[in-house]
Amino acid sequence: MSGLDEADDTTPLLRDDSSSDDSQNEGYRSRWRSIRVMYFTMFLSSVGFTIVITSLWPYLQKIDDDANASFLGWVVAAYSLGQMIASPIFGLWSNRRPRREPLACSIFINVSANIYYAYAYLPKSQNKYHMLMSRAFVGFGAALGACLSFIGEHGVTVNVIDLQLNMYTAPALLAAAFGVINILLVVLVLREHRVDDHGRCIQPINYISEEMEEPIDQAAVVTSNILFFIVMFIFAVFETIATPLSMDMFAWTRKEAVLYNGIIICGIGFESILVFLVVKVASQRVGDRPVLLAGLAIIFCGFFILLPWGNHYPKIQWADLKNNTLVNQRLDGAMTANSSVEPTGCPYEQTWCQYTPAIHLAQYITSDILIGVGYPACNVMSYTLYSKILGSKPQGVYMGWLTASGSGARTLGPVFVSQVYTILGPRWAFSLICGMVVGAIILLSSVYHRLIAFSVRVGRIVD
């Protein structure tokens, strides 16, 4: 039986053995065509999300002077809050109706919300709440980010539709264009195929295999959701705090933060591609669970390295106000703070800036590299393990709950880090994250033996 356990733990979910008899029929080719369409759809959706997230904080500062880092947490969280509410609903919908319907509907909502986001500057007041609503609807329904920064803050104005096309609105519009492409692919190319645990086609919708009579291990399902929550929480913290942290620690301007963080995310994206290739081989050799455990350990190292140390302190933003704005006001009474050079550095309102050591650029980049290795490994292994635990049962609702748990993490993560970072600073924020990762490693180790494929558990019961 140990041989069965090991074999299933290292077997990929999708079998693409070209020597099999099934590979010659049209159904097989159609299945893989649909799978590749979903790959490309997820790619475009991820790119659309990433190119917006890097410019979110500068855009929020530009359209509403009252917005602060704490409100940024709510804006980032709004995306995931909408996703958390919608995921179980769309999961149930996909179980009862053709899956193209909820998929196309969600992408359409995403397109509309991105256009709303691009116009968030138009209202005369309360612009930050319009951005909050647009991000919530994006959830309901990085290289490019760096490239788009060259458009600049002013960009061009399209008077016919009253649209400012700049480095803040262009990412959202591009994400909307990607959404239109996704809708066309889903409607015109995607075809559904139902298969059992062994890759055999299932024709009737109400087909029930012998294995489906056995109940799912609910403890393994709950544990998988908790682990996925922690993984997504950690990455939500990372992507939320990256831009404010870099602006505070390295005194980058808004434009520099968008450009440099876009380049960094681009590098992480290419790194993730390599990680996915390595993970595929590693999981076949050692299994899914060890890869997930290794990913968590690497994430821990990434956040541990990010802890502040040394006797070098960040540049305080009040120095800019004193040296530039106030002096200029004495020379020219008509000049206001808004007309001075953009202040850079750590805001004086954040009292921790005066006693917390600065994070060095080398620390920041090293942490990015490690998290760029650990997160994709944990993400893909979480989905893989969860699918194997569920087996050939209809997974729409269960996947909806998994997405909801991840969305809950991406809702709470930004709010958590924006509050803790603003009030207590990076040392407390990243120390707490390290503690969460240690907790996840302990949890995974304690239920390690239960995170097995459905077919393996059924085989044990039969034996």
Side-chain angles (χ1 to χ4, degrees), residues 42 46 49 53 73-74 76-92 135-136 139-140 216-242 272 279 288-289 291-300 302-303 371-390 395-421 429-448 450-452:
M42 288 303 300
S46 299
F49 176 82
I53 200 70
W74 289 105
V76 177
Y79 170 90
S80 300
L81 181 61
Q83 192 179 50
M84 181 177 66
I85 295 171
S87 294
I89 299 173
F90 279 76
L92 183 62
R135 293 302 296 170
F140 199 90
I216 295 174
D217 187 348
Q218 296 298 331
V221 169
V222 172
T223 301
S224 298
N225 276 274
I226 294 173
L227 290 173
F228 188 67
F229 176 92
I230 295 174
V231 170
M232 297 305 296
F233 184 95
I234 291 166
F235 190 74
V237 166
F238 172 73
E239 67 183 2
T240 302
I241 207 61
S272 298
V279 162
D288 301 329
R289 294 169 294 180
V291 175
L292 178 58
L293 194 60
L296 289 171
I298 294 173
I299 290 176
F300 174 82
F303 277 99
I371 295 173
V373 171
Y375 169 73
C378 291
N379 186 276
V380 70
M381 286 299 101
S382 297
Y383 277 114
T384 302
L385 271 173
Y386 195 66
S387 295
K388 289 184 176 181
I389 289 170
L390 298 179
Q395 298 186 3
V397 175
Y398 280 102
M399 282 297 178
W401 285 117
L402 183 70
T403 304
S405 68
S407 300
R410 297 183 74 138
T411 300
L412 297 176
V415 176
F416 161 82
V417 72
S418 61
Q419 297 294 329
V420 175
Y421 176 82
F430 300 144
S431 295
L432 291 173
I433 293 300
C434 287
M436 285 190 66
V437 179
V438 171
I441 292 174
I442 294 173
L443 175 62
L444 175 58
S445 302
S446 63
V447 295
Y448 191 87
R450 299 194 69 162
L451 299 179
I452 57 176

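Heavy atoms only: backbone and side chains are in, while hydrogens, waters and symmetry mates are out.
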K.L.:
Which heavy-atom pair separates G413 from V237 by the least distance, and what is that distance?
P.N.:
O-CG2, 3.8 Å
K.L.:
Could you give the distance from CG (L443) to CG (L227), rounded to the nearest 0.5 Å?
P.N.:
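One gets 5.0 Å once the value is rounded to the nearest 0.5 Å.
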K.L.:
Any heavy-atom pair between the side chains of L432 and F416 that's under 4.5 Å?
P.N.:
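Contact flag for F416/L432 side chains = yes.
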K.L.:
Restricting to side chain to side chain contact (heavy atoms under 4.5 Å, CB included), what partner residues turn up for A294, sequence neighbours left out?
P.N.:
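Side chain to side chain contact (heavy atoms under 4.5 Å, CB included) check on A294 returns nothing, list empty.
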K.L.:
To the nearest 0.5 Å, what is the distance between CZ (R289) and OG1 (T384)?
P.N.:
13.5 Å
K.L.:
State the CE-CZ distance between M436 and F303, to the nearest 0.5 angstrom.
P.N.:
10.0 Å
K.L.:
Dump the intermediate steps for side-chain contact (heavy atoms from CB on, under 4.5 Å) on L296 and V231, then the final yes or no.
P.N.:
CA-CA 8 Å; L296 289 171; V231 170; 4.1 Å; yes
K.L.:
Rounded to the nearest 0.5 Å, what's the gap from CZ on F233 to CD1 on I226? Could you check?
P.N.:
14.5 Å
K.L.:
Does a side-chain heavy-atom distance below 4.5 Å link V437 with I230?
P.N.:
no
K.L.:
Applying side-chain contact (heavy atoms from CB on, under 4.5 Å) to N379 and M232, what does each step give before you reach the verdict?
P.N.:
CA-CA 8 Å; N379 186 276; M232 297 305 296; 3.6 Å; yes
K.L.:
In this structure, is the centre-to-centre distance between the rings of F238 and Y375 below 6.0 Å?
P.N.:
no
K.L.:
What side-chain hydrogen bond (donor to acceptor under 3.5 Å, both in side chains) pairs are there with at least one residue in residues 429-446, not counting sequence neighbours?
P.N.:
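For residues 429-446, and leaving out neighbouring residues, there are no side-chain hydrogen bond (donor to acceptor under 3.5 Å, both in side chains) pairs at all.
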K.L.:
Going by heavy atoms in the side chains, are D217 and R450 under 4.5 Å from each other?
P.N.:
yes
K.L.:
Can you see which heavy atom on A429 is nearest to which on V417, and at what distance?
P.N.:
CB-CG2, 4.5 Å
K.L.:
Considering non-hydrogen atoms only, spot the tightest contact between S405 and F229 and give its length.
P.N.:
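Shortest heavy-atom contact: O-CD1, 3.2 Å.
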K.L.:
Between CD1 of I234 and CZ of F300, what distance do you get to the nearest 0.5 Å?
P.N.:
11.0 Å
K.L.:
To the nearest 0.5 Å, what is the distance between CD1 on I371 and SG on C378?
P.N.:
11.0 Å
K.L.:
Taking C-beta and beyond as the side chain, do L444 and L451 meet within less than 4.5 Å on heavy atoms?
P.N.:
yes
K.L.:
Which is it for Y421 and T240 under the side-chain contact (heavy atoms from CB on, under 4.5 Å) test, yes or no, and what are the steps along the way?
P.N.:
CA-CA 11 Å; Y421 176 82; T240 302; over 6 Å; no
K.L.:
To check you understand the geometry: which heavy-atom pair defines the closest contact between A409 and P414, and what is its length?
P.N.:
O-CD, 4.1 Å
K.L.:
Looking only at heavy atoms, which two atoms of A377 and V291 are closest? And how far apart?
P.N.:
CB-CG1, 4.4 Å
K.L.:
Using every non-hydrogen atom in the two residues, find where G372 and S272 come nearest and quote the distance to one decimal.
P.N.:
O-OG, 3.8 Å
K.L.:
With heavy-atom distances below 4.5 Å as the criterion, would you say the side chains of F430 and I241 are in contact?
P.N.:
yes
